[in-house]
Amino acid sequence: MALVRAEGVHKSYGRHEVLKGIDLTVEEGQVLCLVGPSGSGKSTLLRCVNHLETINRGRLWVDGELIGYRQSGDLLYELPDKEVCRQRARIGMVFQSFNLFPHYTALENVVLGPCLVNKEPRAQAVAHAEELLRRVGLGDKLHSYPTRLSGGQQQRVAIARALAMRPKLMLFDEPTSALDPELVGEVLDVMRQLARDGMTMIVVTHEMGFAREVGDTLVFMDDGVIVESGDPREVLARPRHQRTQAFLSKVL
């Protein structure tokens with residue numbers, strides 16, 4: 001069974017239709033890379049997966065569970081906030097901006113969620129946080145505040161913070177776009193290791209080299225629809241659709 005399944009997902013803001021019927025699946029352990037021009041709906045789709053955005057039509061499942069809604073007959077009813085938070089706890093998300101708490105150290109930023117949301121004993125949460133920060137190459141920065149960390153280091157703390165919730169799925173929304181070019185590699189290295197470890201990931205990215213190397217599926221979106229999808233190496237080398245060809249000619 002697919003870990004993530006979207007069927008006919010539509011999303012509008014007023015009269016502006018951002019998603020126009022998205023169908024996709026992501027198998028457990030796979031990495032799906034979403035690419036496309038700005039405004040194509042990539043980030044909106046990602047935010048719908050963990051119900052940061054509500055959908056207008058269609059269905060989204062993660063690990064067999066309908067996200068954000070319960071179904072009764074043909075009708076959908078939005079879940080209460082408590083249930084939505086429970087679902088989100090299993091879906092890690094890393095944004096463009098790092099969103100760290102500036103008055104907490106790296107360690108405290110990672111510990112906070114498991115203690116408050118998952119009610120983990122503090123000693124257990126701290127031990128896990130230390131392990132995760134070492135895993136992302138920040139074992140010597142446990143007690144550093146965000147202002148003392150580079151952008152790449154802050155983004156790696158954000159990844160550790162998401163992993164601390166022990167998610168089944170990780171969502172990345174252009175995680176390197178706010179970084180200086182020389183810092184991009186250290187974040188992509190962490191993501192490569194996550195992929196090698198078998199983490200299921202959906203990644204909105206402009207890093208075509210990463211998509212080619214790590215992705216199992218590449219999806220090209222434009223104007224709210226999936227234009228083309230397939231093996232990243234095949235799509236990047238021999239795109240079939242004229243719109244895909246035009247986009248890739250500008251970014252490769």
Side-chain angles (χ1 to χ4, degrees), residues 1-13 17-69 71 76 84 87-88 90-95 162 167-175 191 194-195 198-208 210-245 247-248 251:
M1 183 176 65
L3 186 69
V4 181
R5 182 159 57 100
E7 289 186 359
V9 172
H10 287 73
K11 173 64 183 179
S12 299
Y13 299 100
E17 194 173 16
V18 180
L19 300 177
K20 303 175 181 179
I22 300 295
D23 298 298
L24 61 78
T25 59
V26 185
E27 302 296 329
E28 188 167 0
Q30 285 191 332
V31 178
L32 182 142
C33 294
L34 288 171
V35 303
S38 297
S40 59
K42 309 181 301 296
S43 294
T44 299
L45 175 59
L46 206 67
R47 292 169 65 87
C48 288
V49 171
N50 67 355
H51 205 63
L52 286 174
E53 297 284 357
T54 59
I55 61 177
N56 300 110
R57 275 191 288 151
R59 305 285 190 275
L60 270 165
W61 291 267
V62 174
D63 200 21
E65 185 174 8
L66 191 63
I67 294 297
Y69 301 91
Q71 185 163 349
L76 291 180
V84 173
Q87 291 183 331
R88 283 196 193 123
R90 299 181 296 115
I91 305 171
M93 187 159 186
V94 178
F95 300 88
K168 297 206 68 171
L169 169 69
M170 285 286 287
L171 308 176
F172 291 88
D173 188 4
E174 298 189 33
M191 295 169 65
L194 287 177
M199 175 62 73
T200 309
M201 299 156 60
I202 303 178
V203 184
V204 174
T205 185
H206 292 297
E207 301 290 342
M208 298 302 164
F210 174 85
R212 182 187 292 109
E213 176 190 350
V214 179
D216 296 291
T217 303
L218 185 141
V219 170
F220 172 67
M221 289 182 64
D222 187 37
D223 195 27
V225 300
I226 293 176
V227 176
E228 188 167 344
S229 66
D231 182 283
R233 291 148 289 278
E234 181 69 24
V235 174
L236 292 173
R238 289 176 289 278
R240 298 185 304 274
H241 196 281
Q242 185 176 358
R243 182 65 186 93
T244 317
Q245 294 169 8
F247 173 77
L248 292 177
V251 300

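All values reported here derive from a predicted model rather than from experimental measurement.
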Pairs involving residues 211-245, ordered by first then second residue, that meet ring pair (Phe, Tyr, Trp, His ring centres under 6.0 Å) (sequence neighbours left out):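 Non-adjacent pairs meeting ring pair (Phe, Tyr, Trp, His ring centres under 6.0 Å): F220-F247.
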Heavy-atom side-chain contact between [X] and [Y] under 4.5 Å:
{"X": "V35", "Y": "L218", "value": "yes"}
{"X": "L32", "Y": "V4", "value": "no"}
{"X": "M93", "Y": "L46", "value": "yes"}
{"X": "M208", "Y": "V251", "value": "yes"}
{"X": "S43", "Y": "E53", "value": "no"}
{"X": "I22", "Y": "M221", "value": "yes"}
{"X": "H51", "Y": "Q87", "value": "no"}
{"X": "S229", "Y": "L24", "value": "no"}

Could you measure the distance from the [atom1] atom of [X] to the [atom2] atom of [Y]? Nearest 0.5 Å is fine.
{"X": "Y69", "Y": "L60", "atom1": "OH", "atom2": "CG", "result": "9.0 Å"}
{"X": "T205", "Y": "K42", "atom1": "OG1", "atom2": "NZ", "result": "9.5 Å"}
{"X": "L3", "Y": "M201", "atom1": "CG", "atom2": "CE", "result": "13.0 Å"}

Examine distances only and state if a side-chain atom of [X] and a backbone atom of [Y] form a donor-acceptor pair shorter than 3.5 Å.
{"X": "R233", "Y": "R212", "value": "yes"}
{"X": "N56", "Y": "S12", "value": "yes"}
{"X": "Q30", "Y": "E27", "value": "yes"}
{"X": "D23", "Y": "G8", "value": "yes"}

Point to revise | Test: R47 and D173 ion pair at under 4.0 Å | key: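 Answer for the salt bridge query: no.
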task: Kindly determine whether L236 and L248 satisfy side-chain contact (heavy atoms from CB on, under 4.5 Å), including the steps that lead there.
output: CA-CA 7 Å; L236 292 173; L248 292 177; 3.7 Å; yes
Practice problem: Verify side-chain contact (heavy atoms from CB on, under 4.5 Å) between V214 and V203, making sure each step is shown before the conclusion. | Solution: CA-CA 10 Å; V214 179; V203 184; over 6 Å; no
Is it the case that more than 12 heavy atoms not belonging to Q71 sit under 6.0 Å from its CD atom?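 Atom CD in Q71 is crowded, with more than 12 foreign heavy atoms closer than 6.0 Å.
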